[in-house]
Each structure stands twice: as C-alpha cells, then as structure tokens.
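The block underneath contains the structure these notes are about, expressed in structure tokens.
Just so we're clear, the structure is a prediction, and the values are computed from it rather than from any experiment. Chain letters run A, B, ... following the sequence lines, proteins first and then strands; every chain starts at 1.
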Amino acid sequence: MLKSEIIGELENWYAENKRPLPWRSNPEPYRVWLAEIVFQQTRIQQGMGHYLRILERFPNVEALAQAHEDEVLKLWEGLGYYSRGRNLLKAAKIISTLGEFPTSATEWQKLPGVGPYTSAAISSVVNNEKIALVDGNVSRVLARVFLIDDDIRSSKTQKELQHLAQKIIDQTDQPGNINQALMELGALICSPKKPKCPVCPINNHCELLLHKEDPNKFPYKSPPPPKTQRDFHWLWASESNYLLLKKRNESDIWQGLFELPSLQNPKKKYPAAKIIHKGTHILSHQRIQYYIWDIKKWESIPQEFKAFALNEELPALPRPLQKFFEN
DNA sequence: GTCCGGAAGT
DNA sequence: ACTTCCGGAC
C-alpha cells in the first residue's frame with residue numbers, strides 16, 4: 001500500500017521545485033532552529049522579514065544568548081505567539097551554556113519551544129536523522145493521499161498520521177529532504193483550497209484522486225471552540241509629550257509586550273474622555289473590541305508605568321497598538 | 001466574515 | 001485530552 005515510487009517522485013520534485021530559502025542554502029543548526037521557531041504557525045511570506053532581521057541582529061547563538069528579552073520581543077513584534085520569542089531566548093542561553101547544539105530530535109526537544117514537530121524538522125535536516133514530522137501541511141497531504149476521513153484535529157488522528165509519516169521516512173536515506181518535500185508539496189501544490197492536482201508529482205498515487213473525491217473536502221476538520229469576547233479600554237493623554245506603558249505579565253495574551261494604562265470604565269474617572277480610535281482585533285480564540293481614549297491630561301500618574309517619548313523607539317506592542325502608533 | 005498553522009499549561 | 005496562546009491572507 002505504501003509504494004516506494006512515491007519517495008522517488010518526492011525527492012525529484014523537491015530537488016527541482018523547492019523554494020530558495022536562506023536556511024536551505026546554508027543549513028547550520030542555528031539558522032535551521034531559528035527558522036523552525038519563526039515559521040511555526042507562520043507563513044513564509046509573513047515571517048521572512050522577521051527571520052532576516054533576527055538573523056542579522058543575532059548572527060549566532062552566542063549573540064542571541066546575551067540579548068535582553070525586550071529586544072527579542074521587539075524583533076518578534078507583529079509575529080504573534082510571543083512565547084516563541086521568549087522561549088527562543090531561554091533556549092539560546094541553554095545551548096550557549098552547553099557549548100554545542102543538540103544532535104538528536106530527543107535532545108532538541110528538551111529545549112523550551114521545541115516540540116515534536118520542531119525537533120524532527122531540525123534533526124532530520126541538520127543531522128540526517130530518520131525521524132518523521134507532521135505539521136499542518138503534512139497532515140493535509142497524507143489525509144488526501146491516503147484518503148483519511150477522520151477528524152484532523154483529534155489527537156488520535158494525529159498519532160496515526162505520525163505513524164504513517166514515520167513509515168515513509170523509514171524508507172528513505174534523505175529524511176530531511178522528504179520531510180521538507182511533504183511540507184513544500186502542501187504549501188505549493190496540495191494547498192488547502194484549489195490544490196493543483198494536475199501538476200502534483202504523486203497524483204497517480206493519490207487515493208483521493210483515484211476515488212474521484214473532492215480535495216476541498218479533505219481533510220475533515222471539526223469546528224473550533226467558540227471565541228470568547230472581551231473589551232480593552234486603553235488611555236492616552238494627548239496633552240503630555242510622552243506615553244505611559246506597562247509590561248503585560250499576567251498569564252494572558254501578549255505576555256511580555258507593553259500596553260497603555262487601561263480602565264474598565266474610563267468615563268468614570270475622566271468624564272471628558274473621548275474615544276479617538278476603536279477597532280476589533282480577532283485572535284483564534286478571542287474576539288477583542290478595543291477603544292483608545294484621549295483623556296487630555298493625567299489625573300495621577302499610575303506608578304507602575306514607564307514613560308516613553310513618542311519620538312523614540314517604543315518597546316514591543318500588541319498588534320492593535322502597534323498599528324495605532326504607526327500613524 | 002472565512003481559513004491557516006505547533007508548543008505548553010492544565 | 002483539552003485549552004490557550006497570534007496575526008494575516010482571502
């Protein structure tokens with residue numbers, strides 16, 4: 001059932017069609033690790049600018065290990081999932097202390113921010129380890145090629161896909177290339193919508209095509225949990241020439257980023273306050289209505305806040321605030 | 001409005 | 001095993 005020609009087709013297709021990405025031409029552990037962290041949950045186009053800026057500012061793990069978290073988060077600003085940036089720094093300090101990079105997926109996975117996917121991706125590419133990875137692209141490719149109609153979100157299905165992927169990787173002496181080929185195929189050909197089946201290198205092995213099924217219906221994904229709704233009321237005093245910002249520390253979104261002072265009901269303390277900007281910010285799990293109030297003048301300066309001149313570089317801000325202060 | 005994508009906390 | 005963490009493309 002698992003035809004070996006598939007491997008050869010994938011190897012050839014990948015050699016001819018892979019995108020020329022910076023860590024592919026020079027797959028040092030540092031560059032591959034950084035790429036895998038930046039591009040978790042992130043499209044290449046969206047994260048490439050961030051990746052290049054981080055690599056330029058911190059050309060190696062020793063340079064990164066000495067960074068301050070605020071600077072890493074500033075470089076991460078706008079990418080989302082900020083625990084990736086915080087864990088990147090933690091892991092850099094660990095690697096720097098060890099004096100060398102891990103050399104197996106098991107060792108890589110001990111680092112913060114490195115899970116099953118990332119450890120397999122790095123070790124198969126850097127160390128030629130025969131270890132399979134299953135990311136969103138690979139899930140979709142395998143579900144279509146092998147006509148798997150189970151819920152792609154369930155951990156049971158993910159386990160089965162992991163097993164299936166490992167059977168493929170066991171048959172190749174180029175695990176890094178086959179892992180990347182499956183991901184690249186999912187990104188370039190076997191896309192979520194309108195897959196380019198006519199030019200797919202393994203279309204004659206694809207169960208979905210052989211059964212004349214509709215690719216848009218695979219894989220099946222159960223609906224996500226409902227979003228929680230919340231409001232943010234941020235305060236800004238137009239008559240002062242600085243901004244008050246405080247680091248977000250709680251176990252909540254945007255941890256480590258800075259934000260304006262907030263009040264549940266600004267009108268109570270500042271009856272003359274006016275909303276100068278409002279918007280909706282959507283996360284996968286929250287729907288945020290946010291309001292920025294002009295209170296003209298501070299009644300009293302909240303102690304825990306730091307003042308930043310408006311013309312100096314601001315620390316990392318949540319995306320809605322970053323967009324607001326861009327203008 | 002719709003969809004997409006890994007790790008960690010619990 | 002389930003929930004919480006982001007932002008952008010379409």
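Residue A:Tyr81 is classed as a base contact, given a heavy-atom separation below 4.0 Å to a base. Residue A:Ile253 is classed as a sugar-phosphate contact, given heavy-atom separations below 4.0 Å to backbone atoms only. Residue contacts shown for A:Gln45 are absent, as no nucleic acid heavy atom lies under 4.0 Å away. Using a 4.0 Å heavy-atom cutoff across all strands shown, A:Arg140 reaches sugar-phosphate atoms only and no base atom. Residue-level contact check: A:Arg287 touches the backbone only, with heavy atoms under 4.0 Å from sugar-phosphate atoms and none from bases. Among the protein residues, A:Ser155 comes within range of the sugar-phosphate backbone only, with heavy atoms under 4.0 Å from sugar or phosphate atoms but none that close to a base. Contacts of A:Pro116 with the nucleic acid, taken as non-hydrogen atoms under 4.0 Å apart, involve only primed sugar atoms and P, OP1 or OP2. Residue A:Thr42 is out of contact with every strand shown, counting any heavy-atom pair closer than 4.0 Å. Nucleic acid contact for A:Thr118: sugar-phosphate only, since backbone atoms but no base atoms lie under 4.0 Å from a heavy atom of the residue.
Rounded to whole Å, atom P of C:dA1 lies 16 Å from atom CD1 of A:Ile152. Atom-to-atom, NE2 of A:His50 to C1' of C:dC6 comes out at 12 Å; the value is rounded to the nearest Å. Whole-Å rounding puts the A:Ile37 CD1 to C:dC6 P distance at 15 Å. Here B:dA7 presents its P atom at 12 Å from CH2 of A:Trp76, a figure rounded to the nearest Å.
Between the side chain of A:Arg84 and the base of C:dC5, no donor-acceptor pair of N or O atoms lies under 3.5 Å. Remark: the A:Ser83 side chain and the C:dC5 base include no donor-acceptor N/O pair separated by less than 3.5 Å.
At a cut-off of 3.5 Å, with distance as the only test, no side-chain donor of A:Trp76 or A:His50 sits close to an acceptor on the other residue. The closest side-chain donor-acceptor pair between A:Thr103 and A:Asn127, if any, does not fall under 3.5 angstrom. Using modelled atom types, one finds no donor on one side chain facing an acceptor on the other under 3.5 Å when comparing A:Arg84 with A:Gln40.
Listed pair A:His281 / C:dG7 meets the phosphate criterion, a side-chain N or O lying under 4.0 Å from OP1 or OP2. Listed pair A:Trp254 / C:dT4 fails the phosphate criterion, with no side-chain N or O lying under 4.0 Å from OP1 or OP2. OP1 or OP2 of C:dG8 has at least one side-chain nitrogen or oxygen of A:Arg319 nearer than 4.0 Å. At C:dG7, one or more side-chain N or O atoms of A:Tyr82 fall inside 4.0 Å of OP1 or OP2 (strictly under the cut-off). Listed pair A:Gln286 / C:dC5 meets the phosphate criterion, a side-chain N or O lying under 4.0 Å from OP1 or OP2.
Comparing A:Lys159 and A:Lys193 against DNA chain C, the residue whose closest nucleotide sits nearer the 5' end is A:Lys159. Annotation: of the two residues near DNA chain C, A:Lys156 and A:Thr228, the 5′-most nearest-nucleotide partner is A:Lys156.
With salt bridges taken as basic N to acidic carboxylate O contacts below 4.0 Å, none links A:Glu62 and A:Lys93. Residues A:Arg319 and A:Glu326 are paired through a salt bridge, judged by an N-O separation under 4.0 Å between the basic side chain and the carboxylate.
Residues from residues 126-136 of chain A placing a heavy atom under 4.0 Å of any atom in DNA chain B, listed by number, are A:Asp135, A:Gly136.
With a 6.0 Å cutoff to the six-membered ring centre and a 45° limit on the axis angle, A:Lys246 counts as a cation-pi contact of A:Phe305.
Between B:dG6, C:dG8, B:dA8, one nucleotide has an atom nearer to the side chain of A:Gln41 than all others, and that is B:dG6. Checking B:dA8, C:dC6, B:dC4 against the side-chain heavy atoms of A:Lys221 singles out B:dC4 as nearest.
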